[in-house]
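Shown next, in structure tokens, is the structure this report addresses.
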Amino acid sequence: MTDTAVDLIWLAPALALLGFVLNGTLAFARPNAKTIVSGIGAGVLLASFVVAIVVFRAFAGLHPEEAIVFRYWSWIPVGTLQVDFALQVDQLSLIMLLVVTGVGSLIHLFSIGYMKKDPGYARYFAYLNLFVFFMLVLVLGASFPVMFVGWEGVGLCSYLLIGFWFTEKTNADAGRKAFIMNRIGDFGFMVAMFMIFRDTGSLDFETVFVHAPTALVPAGGAVTAITLFLFLGCTGKSAQIPLYTWLPDAMAGPTPVSALIHAATMVTAGVYLVARCNVLFAMAPVSSAMVAGVGALTALFAASIALKQWDIKRVLAYSTISQLGYMFLGVGTGAMAAGIFHLTTHAFFKALLFLGSGSVIYAMHHVYHATHSHEDAQDMRNMGGLARYMPWTTALMWVATLAIAGVPPLSGFFSKDEILAAAFARGTANPVWFLFWLFGLAAALLTAFYMTRLMLYTFHGPNRTGEKEREHLHEAPWIMTGPLVVLGALSLAGGVINLPELVSGNAWLHHWLEPVTRAGAALLPETHLSHTAEWVLVAVAVVIAALGIVGAWRLLKPEALATARQAPEERGFARILRNKWYVDEIYDALIVRPLVWLSTEVLWKRVDQRAIDSAAVNGAARGARALGWANRWLQTGQVGVYVAIFVVGVLLIIWRAVG
Amino acid sequence: MILTFFWIFGVIAMLGGLLCITRRNPVASALWLVVTLFALAAMFVLLDAQFIAALQVLVYAGAIMVLFLFVIMLLNLGRPGPSDLKGPAGLAIAAVLGGLLLFQLRVLGQAPPPDAIQLPAGTVAEMQVRQGMVGAVANPLFEAYLIPFEIASLLLLAAIVGAVVLAKRKL
Amino acid sequence: MTLDLSVYSELLLALLPELVLTGWSLVLLTFVAWRHKTERDLRIAGWLTLAGLASTAVAVYWLWWNQTGIEGLAIMVAADDFRWVADWVFLGAAALTVLISFFYLARERLLVPEYYVLLLFATLGAMIMAAGTDLMVVFLGLELLSVAVYVLAGLDRRRARSAEAALKYFLLGAFASGFLLYGIALVYGATATTNFTLIGTQVGISGPSPMLLIGLALLIVGFGFKVAAVPFHMWAPDVYDGAPTPVTAFMATTVKAAAFAALFRLLITAFSSVAAWHDIVWWLAVVTMVGGNLFALGQRSFKRMLAYSSVAHAGYLLVAVTAGGSEGTGAFLVYAVAYTLMSLGAFAVLSAKGRSGESDVLIDDFAGLGSKRPWLAFAMSVCMLSLLGFPGTAGFIGKWYILIAATNADQNVLATILVLTSVVSAGYYLPVIMAMYMKPEPIEAAHVDVVFDRWARLAVTTVVVALLLFGVWPNRLFQLARTAGASIQPTNTTTT
Amino acid sequence: MTYQRLVITALLVWPILASLIVMLVPSRIARQVALTASLIEFAISVPLWWAFVPSNGMQFMVSRNWITAWGVRYMVGLDGISLFLVLLTTFLMPLSVLGSWSYITKHEKAFYALLLVLTTGMIGVFVALDLFLFYVMWEVMLIPMYFIIGVWGGENRLYAAIKFFIYTFFGSLLMLVAIIVLYLHTGRVTGVYSFSYTHLLTQISTLGPAAWWLFAAFFLAFAIKVPLFPFHTWLPDAHVEAPTAGSVILAGILLKMGTYGFLRFALPFFPDVALNQVMQFAIVGLALIGIIYGGLVAMVQPDFKKLIAYSSVAHLGFVVLGIWALTLQSVQGALLVMINHGISTGALFFLAGMIYERRHSRLIAAYGGIARVVPFFAAILTLVSLSSIALPGTNGFVGEFLVLLGSFQTYPVITALATTGVIVAAAYLLTALQRVIYNPLTDPENEKLPDLSARELAVLIPLLVCIIWLGVYPKPFLRRMEPAARQLIEQVRPGATQGQPPFTTAEAPEAAGTRGGRQ
Amino acid sequence: MLLSPALAISAVLFTLGVAGVLLRRNAIVIFMCIELMLNAVNLTFVALAQRLGMGGQIFVFFVMAVAAAEAGVGLAIILAVFRHKQSVSLQNMNLLRD
């Protein structure tokens, strides 16, 4: 107990849980009480956010150097394994807390408008509240198992929300795919936990991180394995190569869900985990390089796919994967603060982008609903020129686009630049990082390009919705636009929380996180970049971003675009990109189908039914019965046969007796 | 001399047995069996069992075999039945199994009882001289073997009852 | 009370049960000769039989109570606990057979009161076999038993099947007797005696000669035939099938138990120092268990299935024989009690179900009995489970005892084969239960003709109660079996 | 003290009495009587929760002479291992009765009576401390189950029933021989012939090479019951054909008898064999195969009950893994998985039965999209499925986590491979879930399905409560089973729990939020 | 002196009896073959009795009694069967079989 407002930390998840319970009950009892549902749903989140702010202020006032752990009850106490249900308040978890509750609140508000007409309204908010609860458990948990509760819990909510409109098979499939791919990652997380427990005898963050440097050999096999397994967990949750394919499919869920779960919060859990375990990763250079390398590769790879996607949300999804790659590049490099910084700014601008696209989709749906058209409301080829009808959305989306493209002085510029700079700096110690840096740079170019492409096709050029539909196009209601504005402001100015010293900022976030990252940072090689070098890097980044934007503006011709229905098939490389490098197909052919075939044809039908059941079990029974039946050949009723066998018996017995 | 006679009767008995089991006609079989029984009776005499030999002739050859013949005649089976003898397969089986059995029993002719339990030669003959031929059998029968004797009587009674039950006209 | 058998009065005392039973059978015979026309005569004959059995049981009990023993050498007969317990088993089996015969004979119109006379003679033969300590006595007892049972099997001579059964049984039985007799002759030749104890002594002195071994082998063949051990079992299914069901029940229980009783006494007292028979009986037991169980598995006819099952149980009892010693003998007695009860129970229910010899009753013909005749089905289930050796029934206790005896004699392999073949037996006992409870009756009136009079009901009730009682509370039975088992001892060869 | 003395006997005798009562009352009230009886049984068992003193080892002992000739005794008792299995049994029985309420439409009296007899058999197995008694109980429970499957089962019930019976019978009879050999061996060495568990334990070290065969016999009996691959093929048939209550009990309790046997007998009796390198890896390998194989085969099952059946193979694989790893965590985890599996899989079978009653199809393909029609059903099915795939916060997680965590200390590679079982679990159960309650509603027959009734909710809600309770606050369970688990491990591998602080001294703050950590 | 030949002859006779049972189908003839076996045993007994005392001869006496009893019962059974089948050939005894 600290006897300060920090003690109220339990309220944050508890409120979200309360929201889930109430909304869950309402979902059964009064599915149509939308006012109460939205009141509860958004209310608990806002209240959580308030709690978060209060706790943050109180915590900041205490200036603690170590985490404050609240142990509520003993959860799994077995011998040396003592897992308490405990929450941990420290600098890192507070940042996450603020992001989750803050962005979460905005998205809840947006959802009130977006989901207004949905019959599953109460269920939706129940799930959303539950998600926030688990997310808070994830970020606040004071031990690996408690974090794992949140870790899997958010996966569950993601599953439920992706498949929210479950009567479409593709949606339900996408949800399942997300869960199973996450489970692959969770497998890594679990194995990592087992190894951590074996080597350090505990699973509490505090104990583990304190003991790790002594209990584990730096750069040894154990710590490398632990961190690699942890990172496997991250690749699942944060959609990195090779487990990223679920995220684009996850766009099947309602758009606010994509904004909250699949952009701003849940998918960043992996980054959070690496940051949380910075000590372990710092001790395992191979793993760190792996993290950074996979991050950089993913950043580039996903960006390349985003170039040729037509579904507005899919572009954003690949963009998210790509940006997450940046974050991993950052934390893998050891620049924990930079990673978290990018996580935060990304939460702002990507949430904004998703919600903006949500506005667009909402509008398009509205249009198609009004005209009973069955066109795809998310295909950019059906949009175009929306700026005229949706000025607010367009403007805010541009802010976000510039932010993600890394145009100074928007938030994304600072965070991305910091990561790239850190990678470059690490490159001076270990040249492989230069490669990662180059990847990052290339990805930045592509990012600027595909985002401009998205804006261009969606909001500019001629309108392709059709004559009849056009008149129904208009801006979304204020309850939706409002949160956009707030996010726009944050995207614009989010950079202030960590202005680099280069521009005479105080790098607040960097210092704030120091108590958490210090231990890890101490283990990393010292790297230093001269101011000149930094300025050069900044210049390169800016040029790259500009190149991307301008390039897209010049190269792409929205006027020439045909609607989705009429569009011709892509050819050549474009086709490969359009089909996402055929990764899904490859997975399907290499893993899913063989496994199903193995299970059905070999294991079930051959091994189980034929070999074990038919041959061994029933075969034995049948064999015994057949022997019994075979007796018929002897038991013919003919005394002669009986006598003959009798005499044979006599002969045998005499033979045995005399020997 | 005795041995020669013994062998002569033995060969007769064996020949009779062989013919008994190979004659198609049941009556012929029965009569060959009677030959064997007589030969056996003769051997019994040579083995100092004159009373048993007499019984053999009276009971076996006289009563039991007559009963057999009587039934054969009653059932009008006095001519070769079409399927009385089994075919070559049956013959082969019988020959093989019989041969094997004989092969296994061959040791009997070579391994007499241990000397320790054998009475001095001629003891039985001498006892018969002392107690009379019938007495030598009758004395133990009514003393040491009283119980079996009584059981035998019950056995015969049971057989009579059984034969009556099976043969009586109506149930 | 110790008897000197060379004194006539004491000899008579030792033979008191047999004499009582003989007396009763003569009384019965007289009665039958005088009254043999009506069903009522038949019933009276039955009651007289029961009375005879009861008084014999009392006589047995009296001797038992007085702890009768024999002074010196047991010439011709023994007087020990083993005999008394075995006698009770035979008498009980015979009494239960009589109880189920009342309605059966009436239903099948078998107005043959001589049936009871023959039953008494057969029981007498069995008792003589259990008592005999001389091959001569055992042989004559066996023949008495056999002759009576040959006739009983063919009793229903209006049916060709019954007559055929009698013929097969008779021919093969006589054939087997020939081997038994030859065996006796050879043993006599090797030891100069037919008395068990003297044989034991002589064998202990001179050791096994080829003649003795062949004789022993042929003795085992003879007994193996009577107990229906594979490969001498082949008469059993046919004869059981053709004989009237109460007779089958009697054959499966008393005849088998008597042969085993004699075999036990013979092997333990006379041949305990001959190792060869262990090997022979071991193989016989294995083949019998495996064969009996497998062959039963192929049966659809209930009666034939029970016949093969009785073969299998003979195999289990042969395990007890192999185990030998007082444990094996005790196990044999307990199992004999259990087996007698459960086998009789099963045949009794079958006789209620069937018509004209029950040969056509398939296992599936019991379909739906569970709902139409629940008590009958319950009784049958208990019998089946007991035959299977299921806990809670006497069959289980018996099997457990045999297993203990076998394991105690370090016959672990045999014990394992026993339990494995028991698993096979589940494949044919369970379908009976399955048919009764889990299959619907083929037609509505499938079970209307299932009749049982009160005496048969009494018999079945007794069987079921006893099976369950011994299954849960076998202490008393064990005491009897243990003391009885200990009462036959191997001949001490060192003293002479 | 009277309670202590009488409780187990009461638990064993009352169901038998009650079954007689059920047979005597009219058919139409049979189920009410049975429900009351099973609730009474539960009520008798509930005070055990408090009366049980974890540190006291075996308690509530009763020992009476039974078959004096063989030294068989009626000896029963409970420790931290059997306590929960007994409680699970008494807890599931009323639910099973209630769950059969409308499912069983013929011969109700017999059905409920058999259910009660079954209760005695199952509890008997868990409390028996005399191997004769144990064996008797082990077999006795076969018959009621045989009837339950065979009389009230599905189309292929006869085959399933006899397969179930013979499979189990096969294993148990070999165990019977082993028991007797053990008994005679101990008797010969000590001169005291007794089937008492503790007595037999004294001479295990003198067994010599015979231990291998004895172990094999015990192992086979239990492995079939568990069921361990490749002895599992009776399970899908039995599960699929059994009526709801039968499946629930089969999965919930009967399978646990196998793992209980491992814990109670196979390991303590033959530690040297069980811990022999080759043997160890063979068994743990089988458990691993069970986990993966069961999951993969479950994944492609068209029949929902069969899917659950194969999932049981996988779950029980975890239990065996945990038991053989012999760490405090893994053994306690295995015990928890045993309980959890009873609850979760029990609930799954209840749900499968409920939907079957409505639609008369067990095929997954017959459904689809029914979440909208039957929301309660869908919600509960989802929750139970999540518990079954071990989502943290549900009971399933705690058990599996402990098993894997503990086993990892002993067999890192195998455990890591076994952990992939959680992926497979998600794959099969979520696929099935999707195909049942999600996806488009295509079959018009599914449009009018009634949602769960109050009675059905009454069956499921206690299970749901347990799912959450055990998931969030398993400590009361862990506390009670810890000393027993520790003792068992020490028996098999002395010194294995050294360094694991006993429960009582462990730092374990109780009340929520009242104590914070250090600042 | 005569013992060995007697035992050998008796073994041959016994075998002949067994072979006869194997060879024949007529129930009566088979029964006669069994009688042949019994007589072979009798020969053994008598031959042994010469060396081992009267027990063997007594046994032969009982064997004859048994043979007579069996003959009575057996022939009655054969008659009963004949009534049904008009045959005593065992080939026709096929009502009872698996």
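Source: prediction; values computed, not measured. Reminder, nothing fancy here: chain letters follow the sequence lines and each chain counts from 1.
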Checklist entry - Who wins among E:Gly20, E:Pro5, E:Ala19 for the most heavy-atom pairs under 4.5 Å with chain B? => result E:Pro5
Checklist entry - How many angstroms lie between atom CZ of E:Arg83 and atom CG of B:Leu166, to the nearest 0.5 angstrom? => result 8.5 Å
Next on the checklist: Using heavy-atom distances under 4.5 Å, tell me whether B:Phe70 contacts chain E through its side chain, its backbone, both, or neither.
Outcome noted: neither
Checklist outcome for this item: Counting heavy-atom pairs under 4.5 Å with chain B, the top scorer among E:Leu43, E:Val18, E:Leu7 is E:Leu43
Checklist entry - Is a donor on one side and an acceptor on the other found under 3.5 Å between the side chain of B:Lys86 and the backbone of E:Arg25? => result no
Checklist entry - Which bit of E:Ile58 is near chain B, if near means a heavy-atom gap under 4.5 Å: side chain, backbone, both or neither? => result side chain
Checklist entry - Side chain, backbone, both or neither: which part of E:Ala11 has a non-hydrogen atom closer than 4.5 Å to chain B? => result both
Checklist outcome for this item: Output for pair (E:Cys33 SG, E:Leu13 CG), nearest 0.5 Å, gives 12.0 Å
Next on the checklist: Counting heavy-atom pairs under 4.5 Å with chain B, which one of E:Ala6, E:Ser87, E:Ala8, E:Ala80 comes out on top?
Outcome noted: E:Ala6
Next on the checklist: Quick test of your reading: applying ring pair (Phe, Tyr, Trp, His ring centres under 6.0 Å), list the pairs with at least one residue in residues 74-98 of chain E, sequence neighbours left out, ordered by first then second residue.
Outcome noted: none
Checklist entry - Which atom pair, heavy atoms only, marks the closest approach of E:Phe61 to B:Ile52? => result N-CD1, 4.4 Å
Next on the checklist: Which heavy atom of E:Gln57 sits nearest to which heavy atom of B:Asp48, and what is that distance?
Outcome noted: NE2-O, 3.2 Å
Checklist entry - Between B:Ser153, B:Ala94, B:Gly98, which has the largest tally of heavy atom pairs under 4.5 Å with chain E? => result B:Ala94
Item to check | Side-chain donor-acceptor contact under 3.5 Å, E:Asn26 with E:Ser89 | outcome: no
Checklist outcome for this item: Note: vs chain E, highest number of non-hydrogen pairs under 4.5 angstrom among B:Leu75, B:Leu101, B:Ile2, B:Leu40 is B:Leu75
Next on the checklist: Taking side chain as everything from C-beta outward and backbone as N, CA, C, O, which of these in E:Val66 sits under 4.5 Å from a heavy atom of chain B? Side chain, backbone, both or neither.
Outcome noted: both
Checklist entry - At their closest point, which heavy atom of B:Ala136 faces which heavy atom of B:Gln128, and how far apart are they? => result CB-CG, 3.8 Å
Item to check | Atom group of E:Ile77 that falls short of 4.5 Å from chain B, counting heavy atoms | outcome: both
Item to check | Pairs of heavy atoms under 4.5 Å with chain E: top-ranked of B:Thr22, B:Leu141, B:Ile93, B:Leu157 | outcome: B:Leu141
Checklist entry - Side chain, backbone, both or neither: which part of B:Ile64 has a heavy atom under 4.5 Å from chain E? => result side chain
Next on the checklist: Can you tell me which portion of E:Val73 sits under 4.5 Å from chain B's heavy atoms? Options are side chain, backbone, both or neither.
Outcome noted: both
Checklist entry - Using a cut-off of under 4.5 Å for heavy-atom pairs, which of B:Ile151, B:Leu18, B:Val161, B:Thr36 has the most such pairs with chain E? => result B:Leu18
Checklist entry - Between E:Leu90, E:Asn42, E:Leu48, E:Thr44, which has the largest tally of heavy atom pairs under 4.5 Å with chain B? => result E:Asn42
Item to check | Structural part of B:Leu37 lying under 4.5 Å from a heavy atom of chain E | outcome: side chain
Checklist entry - Is chain B contacted by the side chain of E:Glu35, its backbone, both, or neither, given a heavy-atom distance below 4.5 Å? => result both
Item to check | Minimal non-hydrogen separation, E:Gly55 against B:Tyr145, with atom names | outcome: CA-OH, 3.6 Å
Item to check | E:Leu16, part contacting chain B, at a heavy-atom distance under 4.5 Å | outcome: both
Next on the checklist: So for B:Ser29, is it side chain, backbone, both, or neither that comes closer than 4.5 Å to the heavy atoms of chain E?
Outcome noted: both
Item to check | E:Arg24 side chain vs B:Ile21 backbone, donor-acceptor pair below 3.5 Å | outcome: yes
Item to check | Per-residue contact mode, B:Ala49 against chain E (heavy atom under 4.5 angstrom) | outcome: both
Next on the checklist: Under the ring pair (Phe, Tyr, Trp, His ring centres under 6.0 Å) definition, can you give me all pairs with a residue in residues 12-39 of chain E, not counting sequence neighbours?
Outcome noted: B:Phe68-E:Phe31, C:Phe170-E:Phe31, C:Phe179-E:Phe14, C:Tyr182-E:Phe14
Item to check | E:Gln50 side, atom CD; E:Phe45 side, atom CZ - distance, nearest 0.5 Å | outcome: 15.5 Å
Checklist entry - Do the side chains of E:Val63 and E:Val41 get nearer than 4.5 Å, heavy atoms only? => result no
Checklist entry - Based on non-hydrogen pairs under 4.5 Å, which of E:Ile78, E:Leu36, E:Asn39 is most in contact with chain B? => result E:Asn39
Checklist entry - Do you know the tightest heavy-atom contact between B:Val45 and B:Ala53? => result CG2-CB, 3.5 Å
Checklist outcome for this item: Hits for side-chain contact (heavy atoms from CB on, under 4.5 Å) against B:Val27, two or more places apart or cross-chain, chain-then-number order -> B:Asn25, B:Leu31, B:Leu69, B:Ile72, B:Met73
Next on the checklist: Please output the residues of residues 54-61 of chain B in contact with chain E, using a heavy-atom cutoff of under 4.5 Å, in numerical order.
Outcome noted: B:Leu55, B:Gln56, B:Tyr60
Checklist entry - Does any non-hydrogen side-chain atom of E:Val60 lie less than 4.5 Å from one of E:Met64? => result yes
Checklist outcome for this item: Pair count under 4.5 Å, heavy atoms only, with chain E: among B:Leu156, B:Val11, B:Leu33, B:Leu108, highest is B:Leu33
Item to check | Residue part contacting chain B, namely of E:Val29, when any heavy atom lies under 4.5 Å | outcome: side chain
Next on the checklist: Heavy-atom pairs under 4.5 Å with chain E: which of B:Asn76, B:Asn139, B:Leu91 has the most?
Outcome noted: B:Leu91
Checklist entry - Got a second to check how far E:Ser10's OG is from B:Met14's CE, nearest 0.5 Å? => result 10.5 Å
Checklist entry - What part of B:Met43 lies closer than 4.5 angstrom to a heavy atom of chain E: side chain, backbone, both or neither? => result side chain
Checklist outcome for this item: B:Met65 and B:Ala30 have their tightest heavy-atom pair at CE-O, 3.8 Å
